[in-house]
Every structure is written in C-alpha cells, then in structure tokens.
S.K.: 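Let me give you the structure first, and then I'll get to my questions.
Just follow the structure's listing: the first ligand is 1, and inside any ligand the first atom is 1. Nothing here was measured: the structure is a model prediction, and the numbers come from that model.
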Amino acid sequence: MSLRLTPSIRLTRFLRLAPSPSFKLYLRAMSSGNGNKVYENIIVSRPAEGVALITLNRPKALNALSSPLFKELNEATEELDKDDSVGALVLTGSDRAFAAGADIKEMKDKTFVDVYQNKFLEDWTKITGLRKPIIAAVSGYALGGGCELALMCDIILASPTAVFGQPEINLGVIPGGGGTQRLIHAIGKSRTMELTLTGRNFTAAEAEAWGVVSRVVPEGEGKVVEEAVKMASVIASKSKVAVQAGKEAVNAAYEMTLAEGLRFERRLFHGLFATQDQKEGMSAFAEKRKPTWNHS
Ligand code: CAA
C-alpha cells in the first residue's frame with residue numbers, strides 16, 4: 001500500500017539523527033498543533049491517518065524509564081486508546097536507544113520498604129491493558145526495562161542495530177518488569193535462563209530467529225519507524241471492533257489453556273456476528289467491492 005507520511009514523521013526521522021533542542025521544540029509544536037498534548041519525556045505525533053506515534057525522549061539518559069516518563073507514557077496511551085481517530089499506536093525511542101532500562105540512578109537508593117509499599121513498577125503493566133494494538137519500533141539498546149517494555153507491546157519490529165538484553169543480574173537484581181515471564185513464552189526456558197543469569201545481550205538477528213520480534217527491517221535511518229507506521233496504518237484501516245477482538249484472542253493464549261483459549265476465540269468470533277462490520281465485510285466480499293467499516 002502507498003503511505004503518505006505527514007510532516008511530523010519526516011521530522012521524527014530527522015530527530016533520530018539530530019535531537020537538538022530546537023528540533024525537539026519544533027516537533028513538539030507540530031505535535032501540539034495536531035491537538036496532541038505536550039509532555040516532558042515523550043513526544044506524541046500523528047504520522048499517518050489513524051496512527052499515533054509515541055517517541056521516548058530522554059536522549060541524554062538513553063531513554064531510561066524514569067517514573068515521570070512512565071507516568072506520561074501511561075497517560076498518553078490511555079488517552080490515545082480512548083481516541084476514536086486512532087486505530088493503532090507505534091512506540092519508539094531514538095536510533096541509539098529504544099530504552100536502556102529502568103532509571104538506575106532513580107532506583108539505586110530505594111529500600112525494600114520504598115519499592116514494596118509503593119508497588120514500584122506495578123503501573124508499568126497498564127500498557128498491556130490497551131484495547132488498541134501497539135507496535136514497538138526498536139533501534140539501538142532495548143535493555144532491562146527497555147526490553148520488557150518492547151515485550152509488553154503487541155508486535156515488535158527491530159532495526160538491524162537493535163540490541164536486546166536483560167542485564168539486571170549485573171546490578172545485583174533480576175528483571176522486574178516481566179522479562180523472565182514474557183521472554184519464556186517467546187524463546188523457551190533454556191534461553192531465558194541463560195539471558196537472565198548471564199546478562200548477555202542478544203542481537204536483532206537472534207531476536208528474529210527466536211521469534212522475539214516479528215521481523216528485522218532493512219538498514220536505514222528511521223526505517224523501523226517508517227515500517228511500523230506502515231503496519232499500524234494497515235491495522236488502522238480495518239474494523240476497530242474486529243481488531244480489538246483479534247488482539248484479545250491472541251493475548252488470551254498467554255493466560256489460558258489451549259482448550260480455554262480455543263473456546264474464548266470461538267466465542268469472540270461468534271460475538272462478531274452481532275456487528276455491522278461482519279455484515280459489511282462479508283457482503284462486500286460477495287459483491288466484489290471494498291468494505292466500508294463503521295466500527296460497530
Ligand atoms: N538508567 C539511568 N541512566 C542510564 C541508564 C539507565 N538504565 N542507561 C544509560 N544511562 C545514562 C548513563 O548513565 C549516561 O549518563 P551520563 O552521561 O550522565 O553519565 C548516559 O545514559 C549514556 O550512557 P553511557 O555513557 O553508559 O553510554 P554507552 O554507550 O557507553 O553505554 C549502555 C550504553 C550499554 C546501554 C550503558 O549505558 C548501560 O549499560 N546502561 C544500563 C543498562 C542496564 O543495566 N539496564 C537495566 C536497568 S535495571 C532494569 O531495567 C530493571 C527492570 O527490570 C525494570
């Protein structure tokens with residue numbers, strides 16, 4: 001399909017090259033001009049129809065996931081999830097780092113009581129409750145919480161430069177944002193155990209071979225974001241209610257036995273026969289025309 005990139009994605013690609021303060025201000029102005037809220041640690045833009053792009057924006061700290069950053073990320077994703085003009089989200093960082101993990105400087109002096117009583121990291125899981133699909137476009141470091149954040153997304157696309165890993169063992173801790181649990185579904189026990197206990201990083205090629213990412217895009221500045229936006233545009237062009245059901249069905253496989261999952265999928269499938277989009281989609285096929293979704 002042909003994709004018309006709006007000025008903000010061209011700017012975002014430029015931002016990856018030269019994240020100068022003046023550029024960021026310009027992009028922020030563009031973002032706010034599109035009706036998007038302006039944040040301190042993330043940039044929200046609309047690169048194509050139906051698509052929202054969230055760019056993590058703490059370049060000096062390699063997008064380390066501080067509490068204020070995550071608060072903004074949760075706020076933005078919650079708003080975009082409710083926004084009827086958005087069909088799919090893309091989450092990205094910079095060319096150098098998707099995110100280099102939880103903010104170690106913020107964490108280093110915390111005590112057990114601090115983290116336990118304040119349920120540290122518990123709000124990270126909010127992103128997994130979104131109705132709309134979210135695609136991670138990963139370039140550079142996706143380490144620790146950065147790797148875990150990518151794993152919380154529905155689809156991961158990687159640039160050949162992407163470096164994944166769970167290096168928490170080197171800090172005297174273990175992954176706390178779901179790394180051990182989510183990786184095991186993707187790559188099995190032995191590899192998850194090796195990565196968790198040695199802290200070794202893995203490459204984009206390994207991530208693709210193991211099924212952590214759906215594919216590695218060709219090399220090139222901003223290419224992974226461009227590909228993710230294209231994919232998000234395709235998703236946004238479908239019936240929103242069917243997309244939501246598809247996401248729910250796939251994610252159910254993480255929680256359910258095969259028998260329960262098959263039953264759940266079938267019930268969702270049955271439920272879609274109550275929608276106008278099912279009538280439209282099947283009639284359009286029979287009449288050899290394109291469907292027009294009304295998302296109900
Ligand atoms: N937290 C806070 N600051 C970080 C950071 C992090 N996770 N990662 C990088 N930074 C900061 C560095 O401190 C440095 O800041 P200063 O310029 O102020 O010194 C800046 O980002 C650039 O980093 P480097 O100079 O280290 O850059 P590099 O190219 O030499 O190395 C790197 C890059 C290999 C990613 C290295 O920065 C690194 O190892 N970072 C930490 C990775 C890590 O351990 N992540 C796991 C965090 S714990 C976690 O995430 C727990 C969980 O499960 C939720």
S.K.: For I174, does the CD1 atom sit with more than 12 other heavy atoms under 6.0 Å from it, leaving out its own atoms?
M.R.: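 Open: at most 12 neighbouring heavy atoms sit under 6.0 Å from CD1 of I174.
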S.K.: I'd like to know if the side chain of N57 pairs up with that of T55 as donor and acceptor (distance under 3.5 Å, no hydrogens or angles considered).
M.R.: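 Judged by distance alone, the side chains do not pair up.
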S.K.: Could you pull out every protein residue that has a heavy atom closer than 4.0 Å to ligand 1, ordered by chain and then number?
M.R.: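 The answer is K60, A61, L62, A64, R96, A100, G101, A102, D103, I104, K105, M107, L121, W124, Y141, L143, G144, G145, E148, P167, E168, L171, P175, G176, G177, counting any residue whose heavy atom sits under 4.0 Å from ligand 1.
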S.K.: Please list, chain by chain and in numerical order, all residues satisfying side chain to side chain contact (heavy atoms under 4.5 Å, CB included) with R200, sequence neighbours excluded.
M.R.: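 Here the qualifying residues are E194, L195, T198, F202, E206, W210.
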S.K.: Under the rule for side chain to side chain contact (heavy atoms under 4.5 Å, CB included), what residues qualify as partners of A76, not counting sequence neighbours?
M.R.: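 Checked A76 against side chain to side chain contact (heavy atoms under 4.5 Å, CB included); matches are Y39, I42, V44, I54.
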S.K.: For a side-chain hydrogen bond (donor to acceptor under 3.5 Å, both in side chains) check, start with the C-alpha distance between E219 and S159, then their side-chain angles and the critical distance, and finish with the verdict.
M.R.: CA-CA 6 Å; E219 192 124 21; S159 140; over 6 Å; no
S.K.: Which residues pass the ring pair (Phe, Tyr, Trp, His ring centres under 6.0 Å) test with F269, sequence neighbours left out?
M.R.: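 Once residues adjacent in sequence are excluded, the partners of F269 under the ring pair (Phe, Tyr, Trp, His ring centres under 6.0 Å) criterion are F273.
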